[in-house]
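What follows is a short report on a single structure.
Please read all numbers here as calculations on a predicted model, not as lab measurements. By convention in this document, chain letters (A, B, ...) are assigned in the order of the sequence lines, proteins followed by strands, and residues within each chain are numbered from 1.
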Protein chains: 2
Amino acid sequence: MEQAPVAETRPYHHGDLRRALVEAGRRLLEAEGGSDLSLRAVAREAGVSPAAPYHHFRDKNELLDALAMEGWDQLGDQMRAALAEAEVGRDRLVTLGVAYVRFSRMNPAIYRVMFACSQNNETMPEKLRDEGAYRLVCDTLIESGLDPEDETGLELAAIAVWCAAHGVAEMVGFKEFAPLQAHLGGEEAFLRALFSQLDIFRPHLVAQAV
Amino acid sequence: MEQAPVAETRPYHHGDLRRALVEAGRRLLEAEGGSDLSLRAVAREAGVSPAAPYHHFRDKNELLDALAMEGWDQLGDQMRAALAEAEVGRDRLVTLGVAYVRFSRMNPAIYRVMFACSQNNETMPEKLRDEGAYRLVCDTLIESGLDPEDETGLELAAIAVWCAAHGVAEMVGFKEFAPLQAHLGGEEAFLRALFSQLDIFRPHLVAQAV
DNA sequence: AGCCAATCTTGACAACGATCAGATGCGCCC
DNA sequence: GGGCGCATCTGATCGTTGTCAAGATTGGCT
């Protein structure tokens, strides 16, 4: 039961339950994301009573928020990695979009939680804006020729890109798209074709459009 | 209790409970879409016992499906109406997208149900494809210069457009967008600007891109 | 008229989110 | 170093939900 004391701030007398709960939740989400996560199930998975979490989270929603935050971090990492691997100057935005969607496809339950929380809070975590995926998009847009001085235009473009990626992420799983997907040679090709249809993802058009 | 025998199949001895349930559900969704709809609440609203709905719907999900179907119809109507009012040849796709998002903004609860069901079924109702919003998008794309013969290209573009609209619909409510929205002069202008960023919505670019 | 079957109600069960009164034990202060 | 304070955890409980089984009720067909 006892786990080795990690370097992090180990709070009180039973180990780092908050951390344990978040990890239990992540485990459950990864295992079976079908239905929605139950707070009692998370407590069970962590080996504590159903009321224990309420000493670390005010709500079930606050636990989900914590899970979502981890998701945003992970998403940012994967997008950064995808960008690092991609050749410079060639469809960087498409690469970013594909990475975004691939994350949502490989972690559907976590992604759903991430966005459900965002909808509840009606706001996005600042970490996202400062150092996360949003920042990446802005940088790539500038790289693609957008004027860094034009704040309005930049934000508008970034939002548009994000909306498109989110829309694709939520719809690409529909069974009805399977034939077309197969016809194009798999999900990756399908995604690239889809994003390329949204011409904002093509640097030369972006530059001329603004 | 007895109502005049309508032309439709009038089921059995207590009036058209199925219809009453769907309407009760719609009423509740319109009234307060905050939390998710409870099957018991719908039964309560319709004035029947909590178990009564199970004679007309296998599940809670099947009731939600019925509600979603009404939503798709309503959405199609509103998009059709928006298109009818718009001037010909000028940003018809943007008009369509704006109408889509406006529907989702004015009926957020129903829209959420519509898409939650789609995600469960992993498929879209055929009515959508045949005579609904999807068909409208395809027609407008052709009108904008896409080759009607190129099925793959047409479907790809339609899916891309739809994805973008859906993404915008789900994200446009974020509080963080409020300043930019105000700066652009309201939601309508914000939406048009957003869609215009996705250059697929500009006919002359579409024609040249394909 | 009389029966069949579909409809609706009652009652029940398990699971859920949330709260509250106690038990438990860490850490700090004297 | 001993005792106390307080955060942490448990157990019980409440109201609600989805779903099911059994019984009451009623309309329609023969």
How many Å lie between [atom1] on [X] and [atom2] on [N], as a whole number?
{"X": "B/Leu63", "N": "D/dT19", "atom1": "CG", "atom2": "P", "result": "11 Å"}
{"X": "A/Tyr54", "N": "D/dA12", "atom1": "OH", "atom2": "P", "result": "18 Å"}
{"X": "B/Leu39", "N": "D/dT17", "atom1": "CG", "atom2": "P", "result": "10 Å"}
{"X": "B/Leu17", "N": "C/dT7", "atom1": "CG", "atom2": "P", "result": "9 Å"}
{"X": "A/Phe57", "N": "C/dA18", "atom1": "CZ", "atom2": "P", "result": "13 Å"}
{"X": "A/Asn61", "N": "C/dA18", "atom1": "CG", "atom2": "P", "result": "8 Å"}
{"X": "A/Leu21", "N": "D/dT8", "atom1": "CG", "atom2": "P", "result": "12 Å"}
{"X": "B/Arg40", "N": "D/dC20", "atom1": "CZ", "atom2": "C1'", "result": "11 Å"}

Using a 4.0 Å heavy-atom cut-off, does B/Arg44 contact any base of the nucleic acid, only the sugar-phosphate backbone, or nothing at all? sugar-phosphate

Answer with base, sugar-phosphate or nothing: what part of the nucleic acid does A/Ser49 contact at a heavy-atom distance below 4.0 Å? base

Please determine if a side-chain N or O atom of B/His56 lies less than 4.0 Å away from the OP1 or OP2 oxygen of C/dC8. yes

To the nearest 0.5 angstrom, please state how far the [atom1] atom of [X] sits from the [atom2] atom of [Y].
{"X": "B/Ser144", "Y": "B/Leu93", "atom1": "OG", "atom2": "CG", "value": "4.5 Å"}
{"X": "B/Glu45", "Y": "B/Glu23", "atom1": "CD", "atom2": "CD", "value": "11.0 Å"}
{"X": "B/Phe195", "Y": "B/Phe190", "atom1": "CZ", "atom2": "CZ", "value": "10.5 Å"}
{"X": "B/Leu96", "Y": "B/Asp91", "atom1": "CG", "atom2": "CG", "value": "11.5 Å"}

Closest-nucleotide mapping onto DNA chain C: is A/Ser38 or A/Arg58 further toward the 5' terminus? I mean the 5' end.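 Closer to the 5' end of DNA chain C: A/Ser38.
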
What is the ring orientation for B/His166 with A/His166, classed by angle as parallel under 30°, tilted 30 to 60°, or perpendicular over 60°? parallel

Name the closest nucleotide to the B/Ala52 side chain, picking from D/dT10, C/dC8, D/dG18. C/dC8

For DNA chain D, whose closest nucleotide is more 5', that of B/Asp59 or that of B/His55?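 The answer here is B/Asp59.
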
